[in-house]
Amino acid sequence: MITNILLKSLRGTLTFGVLFFLLQFIWDGFNMETLNSVLADAPRHLFMLLFIFIVLILQNIIIQQSKVKLQSDLNKKVRR
C-alpha cells in the first residue's frame, strides 16, 4: 500500500515536472538561452517538485483512508 502511494505520487510529480519544463521551454522559445535559464533555475524547480511530491503523498493517503473507511462501513452494513 505504501509503495503504491509513493509510486502514484512520484508519477504525478514527474508528469507535472515534465509538463512544466516543456511549457516553460515552449513559452520562452526554443533556443539555448532558454534551456540555460531553465537549467539555472533547477534548484528552485526541484524544491517546487519536492513540495508537490509531498502534497501528492498526503493527498493519496487521504484518498486511501477514505476508501478504507467506505469499505469498512460497507462491511458493517453487510454484516447486519
Side-chain angles (χ1 to χ4, degrees):
M1 183 172 94
I2 293 172
T3 307
N4 192 21
I5 289 172
L6 290 175
L7 287 175
K8 280 183 180 179
S9 302
L10 186 61
R11 185 177 61 218
T13 303
L14 290 175
T15 302
F16 179 81
V18 168
L19 288 175
F20 181 78
F21 175 77
L22 288 175
L23 283 174
Q24 186 175 8
F25 196 65
I26 291 169
W27 184 266
D28 293 339
F30 295 103
N31 57 28
M32 287 306 292
E33 288 179 20
T34 302
L35 183 60
N36 289 335
S37 70
V38 170
L39 294 177
D41 289 339
R44 186 179 60 175
H45 294 162
L46 289 175
F47 181 74
M48 176 186 65
L49 290 176
L50 177 65
F51 178 75
I52 290 170
F53 181 65
I54 292 169
V55 168
L56 285 174
I57 288 174
L58 294 174
Q59 180 184 11
N60 286 327
I61 289 172
I62 291 169
I63 290 170
Q64 185 66 32
Q65 290 298 322
S66 66
K67 286 180 182 178
V68 168
K69 182 167 178 5
L70 287 173
Q71 186 66 34
S72 68
D73 290 346
L74 181 64
N75 288 341
K76 286 179 185 177
K77 288 181 181 181
V78 169
R79 287 182 200 150
R80 291 182 186 173

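All values below were derived from every heavy atom in this structure, side-chain atoms included, with hydrogens, water molecules and symmetry-related copies excluded.
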Lys/Arg N to Asp/Glu carboxylate O, D73 vs K69, below 4.0 Å
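Judged by the 4.0 Å cut-off on N to carboxylate O distance, D73 and K69 do form a salt bridge.
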Do L7 and I54 share a hydrophobic cluster, counting only Ile, Leu, Val, Met, Phe, Trp and Tyr and linking them when any side-chain heavy atoms are less than 4.5 Å apart?
no
Starting from I26, can I reach F21 by hopping between I/L/V/M/F/W/Y residues whose side chains sit under 4.5 Å apart?
yes
Could you check if a side-chain atom of I63 sits within less than 4.5 angstrom of a side-chain atom of K67, using non-hydrogen atoms only?
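A side-chain contact exists here, since the closest heavy-atom pair is under 4.5 Å.
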Is any side-chain heavy atom of L6 less than 4.5 Å from a side-chain heavy atom of F53?
yes
Yes or no on side-chain contact (heavy atoms from CB on, under 4.5 Å) for F16 and M48, after CA distance, side-chain angles and deciding distance?
CA-CA 10 Å; F16 179 81; M48 176 186 65; 4.1 Å; yes
Measure the spacing between [atom1] of [X] and [atom2] of [Y] and express it to the nearest 0.5 Å.
{"X": "L10", "Y": "L49", "atom1": "CG", "atom2": "CG", "result": "10.5 Å"}
{"X": "I61", "Y": "S66", "atom1": "CD1", "atom2": "OG", "result": "12.0 Å"}
{"X": "I52", "Y": "S9", "atom1": "CD1", "atom2": "OG", "result": "12.0 Å"}
{"X": "I57", "Y": "I62", "atom1": "CD1", "atom2": "CD1", "result": "12.0 Å"}
{"X": "Q59", "Y": "K8", "atom1": "CD", "atom2": "NZ", "result": "10.0 Å"}
{"X": "L74", "Y": "R79", "atom1": "CG", "atom2": "CZ", "result": "10.0 Å"}

